[in-house]
Amino acid sequence: MSAESGLMAHAARAGVRIVATVVVAYAVATAVRFGLVERDDLGSICQSAASPWWCDLRMLVIRGFLNDVYGLSSLALAALAIWRRSAVVATLAIAIGTFGMVLYSFTWSGIGMLGGALVLARLQGQWQQHAQS
């Protein structure tokens with residue numbers, strides 16, 4: 001019975017980590033999307049000669065989703081997490097994938113996010129096998 005309870009504890013920890021990462025990344029991405037990217041008044045402010053410092057940040061975010069940087073980086077991080085067997089890198093893949101999905105780059109970001117979640121699930125299974133031996 002202790003092996004089953006250990007499995008449930010690891011699954012719960014992985015689930016909590018995934019959900020918490022998605023919620024935080026979604027909140028940040030939503031704030032960036034609706035507070036910085038989609039506001040029409042900021043576009044006219046940033047086109048003026050004396051534009052504020054955050055206009056460069058706004059353009060960087062926009063270029064990021066135009067060039068699919070968020071999706072490809074989440075996919076690369078998921079692959080790195082598989083190779084290194086790293087829960088931290090898998091969590092980062094989930095966060096950037098969620099960020100990218102909110103910022104118009106759904107296809108590759110979704111694959112990277114799911115890849116990170118699968119790596120966390122795989123690591124949870126390996127932890128369980130290690131605990132049983």
Side-chain angles (χ1 to χ4, degrees):
M1 282 292 201
S2 67
E4 290 177 12
S5 64
L7 176 64
M8 293 303 291
H10 285 297
R13 273 187 250 145
V16 167
R17 176 183 271 182
I18 290 169
V19 170
T21 303
V22 167
V23 167
V24 170
Y26 179 80
V28 170
T30 302
V32 168
R33 178 178 174 175
F34 295 113
L36 193 63
V37 175
E38 286 192 1
R39 287 184 47 193
D40 291 333
D41 59 335
L42 297 183
S44 60
I45 291 171
C46 289
Q47 290 177 352
S48 67
S51 61
W53 64 270
W54 45 263
C55 286
D56 293 333
L57 178 64
R58 181 176 185 262
M59 283 309 299
L60 187 66
V61 170
I62 292 170
R63 285 188 184 129
F65 70 75
L66 288 176
N67 295 320
D68 210 14
V69 170
Y70 310 118
L72 296 176
S73 62
S74 70
L75 193 60
L77 284 168
L80 182 65
I82 291 169
W83 179 54
R84 300 291 299 165
R85 293 185 177 98
S86 172
V88 174
V89 177
T91 304
L92 192 57
I94 293 169
I96 292 177
T98 303
F99 190 84
M101 284 192 290
V102 174
L103 288 173
Y104 316 106
S105 177
F106 191 80
T107 303
W108 293 114
S109 296
I111 293 170
M113 191 211 96
L114 288 174
L118 289 173
V119 170
L120 281 179
R122 180 179 178 190
L123 290 174
Q124 179 266 325
Q126 289 175 348
W127 291 326
Q128 179 60 28
Q129 287 177 351
H130 183 326
Q132 287 178 350
S133 60

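Hydrogens, waters and symmetry mates are skipped; everything else that's a heavy atom, side chains included, is used. Keep in mind that what you see is a predicted model, and the values were worked out from it rather than measured.
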Rounding to 0.5 Å, atoms CZ (F106) and CE (M113) come to a distance of 8.0 Å

Do L66 and V61 land in one hydrophobic cluster if side-chain heavy atoms of ILVMFWY residues count as linked below 4.5 Å? yes

Taking all heavy atoms of A93 and all of A78, pick out the closest pair and write down the distance. CB-N, 3.6 Å

Taking atom CG of D68 and atom OG of S74, what is their separation to the nearest 0.5 Å? 8.5 Å

Test side chain to side chain contact (heavy atoms under 4.5 Å, CB included) applied to A81 - qualifying residues, sequence neighbours left out: V89, A90, V119

Quick one: CG on L77 to CG on L72, what's the gap to the nearest 0.5 Å? 11.0 Å

Please name all residues satisfying ring pair (Phe, Tyr, Trp, His ring centres under 6.0 Å) with Y26, sequence neighbours left out, ordered by chain then number. none

S109: partners by side-chain hydrogen bond (donor to acceptor under 3.5 Å, both in side chains), with sequence neighbours left out: none

Indicate if Y70 and Y104 have the same hydrophobic cluster label, given that clusters are the connected sets of ILVMFWY residues with side-chain heavy-atom separations under 4.5 angstrom. yes

Kindly write out the residues that satisfy side-chain hydrogen bond (donor to acceptor under 3.5 Å, both in side chains) with R84, not counting sequence neighbours, or none if the list is empty. none

Could you check whether atom CG of D40 has more than 12 heavy atoms from other residues, nucleotides or ligands sitting under 6.0 Å from it? no

Consider only side-chain heavy atoms of I, L, V, M, F, W and Y, link residues closer than 4.5 Å, and tell whether M101 and L114 are in one cluster. yes

Between V24 and V16, is there a shared hydrophobic cluster once you connect ILVMFWY residues whose side-chain heavy atoms come closer than 4.5 Å? no

Considering all heavy atoms, the nearest I45-P52 contact: CG2-CD, 3.7 Å

Please find the pair of heavy atoms, one from A25 and one from A95, that lie closest to each other, and give the distance. CB-O, 3.5 Å

Would you say C46 and M59 make side-chain contact, with heavy atoms under 4.5 Å? no

Counting C-beta onward and ignoring hydrogens, is there a side-chain heavy-atom pair between F65 and V102 closer than 4.5 Å? no

Sequence neighbours left out, what passes salt bridge (charged side-chain N to carboxylate O under 4.0 Å, His left out) with R33? Give chain and number order. E38

If Ile, Leu, Val, Met, Phe, Trp and Tyr residues are connected whenever their side-chain heavy atoms lie under 4.5 Å apart, and connections chain through other members, are L92 and V22 in the same group? no

Minimum side-chain heavy-atom gap I82-R122 below 4.5 Å: yes

How about L80 and S86: do any of their side-chain heavy atoms sit closer than 4.5 Å? no

Starting at CG of L42, measure out to SG of C55 and round the result to the nearest 0.5 Å. 7.5 Å

Working to the nearest 0.5 angstrom, can you tell me the gap between T91 OG1 and I18 CD1? 8.0 Å

Begin from the C-alpha positions of T21 and T98 and carry the test side chain to side chain contact (heavy atoms under 4.5 Å, CB included) through to its verdict. CA-CA 9 Å; T21 303; T98 303; 5.9 Å; no

Set of residues satisfying side-chain hydrogen bond (donor to acceptor under 3.5 Å, both in side chains) with respect to N67, sequence neighbours excluded: none

